[in-house]
Amino acid sequence: MIHGPNLGLLGRREPEIYGRTTLAEIDAALQALGSELGLEVRCLQRDGEGEIVSAIGAAPGSVQGILINPAAYTHTSVAIRDALAAVAGMGVPAVEVHLSQTAARDEFRQRSLVAGVCRGTVAGFGAGSYLLGLRGLAALLGEAGA
Ligand code: DQA
């Protein structure tokens, strides 16, 4: 699980948009669901675009799949898109998640540069988006292993 910029502030950050669940609570819920699904979930949050690119690049050989909320970089980062495309080509699928329904927000949030290189997107369910995204990723990994 890769959390992008400003998501370390969840719980206190614009709660009317992002809710009151903290990042630590989201990570704990992901890990609990992961153990139900037979997956180990490792979570990291980075504010820097380059650090996120490096984390994605380190994925092959280390993790089976990526769940990512690129936050504001969703709408701006060709580098993160390229990193996700690169590792997808090496057999590491990604699922994009967002707390808010980005399609219903500012025009600049309505375009995702990463969506086209992710296997699926879940947005608009608050912290629930992460759990739905993990279920989707688990299903993809199950199909790949089948
Ligand atoms: C977000 C949506 C982005 O537009 C925004 O920049 C974020 C959070 C979400 O989860 O709803 O930081 O990715």
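Start at 1 and go down the list; that is how both ligands and their atoms are numbered. Keep in mind it's a predicted model, so treat the numbers as computed, not measured. Hydrogens, waters and symmetry mates play no part in the numbers below; they use all other heavy atoms, side chains included.
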Legend entry - Test salt bridge (Lys or Arg N to Asp or Glu O under 4.0 Å) applied to R81 - qualifying residues, sequence neighbours left out: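 Not a single residue meets the salt bridge (Lys or Arg N to Asp or Glu O under 4.0 Å) criterion with R81.
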Inset, instruction - Examine the side chains of T102 and Q110 and answer whether a donor and an acceptor come within less than 3.5 Å of each other. - result: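 No, no side-chain donor-acceptor pair sits under 3.5 Å.
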Inset, instruction - Apply side chain to side chain donor-acceptor pair (under 3.5 Å) to T21 and list each qualifying residue two or more places apart in sequence or on a separate chain. - result: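 Partners of T21 by the side chain to side chain donor-acceptor pair (under 3.5 Å) criterion come out as none, since no residue qualifies.
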Inset, instruction - For Q45, enumerate each residue passing the side chain to side chain donor-acceptor pair (under 3.5 Å) test, keeping only those at least two apart in sequence or located in another chain. - result: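 Testing Q45 for side chain to side chain donor-acceptor pair (under 3.5 Å), a comparison that skips the adjacent residues, returns D47.
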Legend entry - pair I26-T22: side-chain heavy atoms closer than 4.5 Å: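 A side-chain contact under 4.5 Å is absent here.
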Quick one: table the atom pairs, ligand 1 N or O against protein N or O, below 3.5 Å, distance rounded to 0.1 Å.
from	atom 1	to	atom 2	distance (Å)
ligand 1	4 (O)	H75	NE2	2.7
ligand 1	4 (O)	R109	NH1	2.9
ligand 1	6 (O)	A72	N	3.2
ligand 1	6 (O)	R109	NH1	3.0
ligand 1	10 (O)	N69	ND2	2.8
ligand 1	10 (O)	L99	N	2.8
ligand 1	11 (O)	L99	N	3.3
ligand 1	11 (O)	S100	N	2.9
ligand 1	11 (O)	S100	OG	2.6
ligand 1	12 (O)	R13	NH1	3.0
ligand 1	12 (O)	R13	NH2	3.0
ligand 1	13 (O)	N69	OD1	2.8
ligand 1	13 (O)	H98	ND1	2.8

Inset, instruction - Please work out whether the ring planes of Y130 and H3 are parallel, tilted or perpendicular, with thresholds of 30° and 60°. - result: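 Plane angle between 30° and 60°, so tilted.
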